[in-house]
Amino acid sequence: GQQLNQSPQSMFIQEGEDVSMNCTSSSIFNTWLWYKQDPGEGPVLLIALYKAGELTSNGRLTAQFGITRKDSFLNISASIPSDVGIYFCAGPRQTGANNLFFGTGTRLTVIP
Amino acid sequence: NAGVTQTPKFQVLKTGQSMTLQCAQDMNHEYMSWYRQDPGMGLRLIHYSVGAGITDQGEVPNGYNVSRSTTEDFPLRLLSAAPSQTSVYFCASNTRDRKSSYNSPLHFGNGTRLTVT
């Protein structure tokens, strides 16, 4: 099956620091999605990317769709305690499909 | 709108028991799906449905059955629970975005934590 590998697996950072994480795929995606999962809840969409090279921001979050279409990056600036959670990249199982492959996740801990 | 509602929140089963995980959505979404989440593996698709009466298998369908008799409900059945099915199960729904032709974001429930002993 499809492999979406995220790195790092986990991060411990001080409040106020910037965060970078990435996701790589064994094959091409036409859409990249980034989700966040708070403890005890389901994942929630943060950012959607639809074109190679696209750079999209959502508040302190910025994500990029890699030129090769096999990777994507998520940056969080000036982290705050509520950024704690697990961040997943995801892509559609087929073009236009309504269900997704998910990455292995990056667990973020923010130390106040 | 309640969104996607999953019940129960927690369940403990003995090996060989059967049970049904309930999922309901009130957004009139045509697409619904079930994922399981295991440590270090992200979320993996079990079964999905593109509309009432239509279901299909995902990556890890073995040991699970689904049906979709109404748009709102998409129950997941474990016929004979095994310890390997200990996991957190998430139901999700979405629809087609008519403006952009992309699918809308997946809306997830809050999960059912299942332990099989």
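The sequence lines fix the lettering, A, B, ..., with proteins before strands; numbering per chain opens at 1.
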Chain A heavy atoms under 4.5 Å from Q37(B): which part of the residue, side chain, backbone, both or neither?
side chain
Quick check on the hydrophobic clustering: are V88(B) and L21(B) connected, directly or via other members, by side-chain heavy-atom contacts under 4.5 Å?
no
Where does Q37(A) contact chain B at under 4.5 Å (heavy atoms): side chain, backbone, both or neither?
side chain
Using heavy-atom distances under 4.5 Å, tell me whether Q9(A) contacts chain B through its side chain, its backbone, both, or neither.
neither
CG on N94(B) to CG on L45(A), rounded to 0.5 Å
10.5 Å
Do you reckon Y31(B) sits in the same ILVMFWY cluster as W34(B), going by side-chain contacts under 4.5 Å, direct or chained?
no
Are there residues of residues 102-112 of chain A whose heavy atoms fall under 4.5 Å of chain B's heavy atoms? If so, which?
F102(A), G103(A), T104(A)
For D83(A), check salt bridge (Lys or Arg N to Asp or Glu O under 4.0 Å) against everything at least two apart and list the hits.
R60(A)
If contact means a heavy atom pair closer than 4.5 Å, which residues of residues 105-117 of chain B contact chain A?
P105(B), L106(B), F108(B), G109(B), N110(B)
Applying a strict under-4.5 Å side-chain criterion to I, L, V, M, F, W and Y, I'd like to know whether F73(A) and Y87(A) cluster together.
no
What residues of residues 39-53 of chain B sit under 4.5 Å from chain A when only non-hydrogen atoms are counted?
G40(B), M41(B), G42(B), L43(B), L45(B), Y48(B), S49(B), V50(B)
May I ask whether F90(B) and I86(A) are part of the same hydrophobic cluster, defined by side-chain heavy atoms of I, L, V, M, F, W, Y residues being less than 4.5 angstrom apart, directly or through others?
yes
Hydrophobic clustering (ILVMFWY, side-chain heavy atoms < 4.5 Å, transitive) - are F74(B) and L76(B) grouped together?
yes
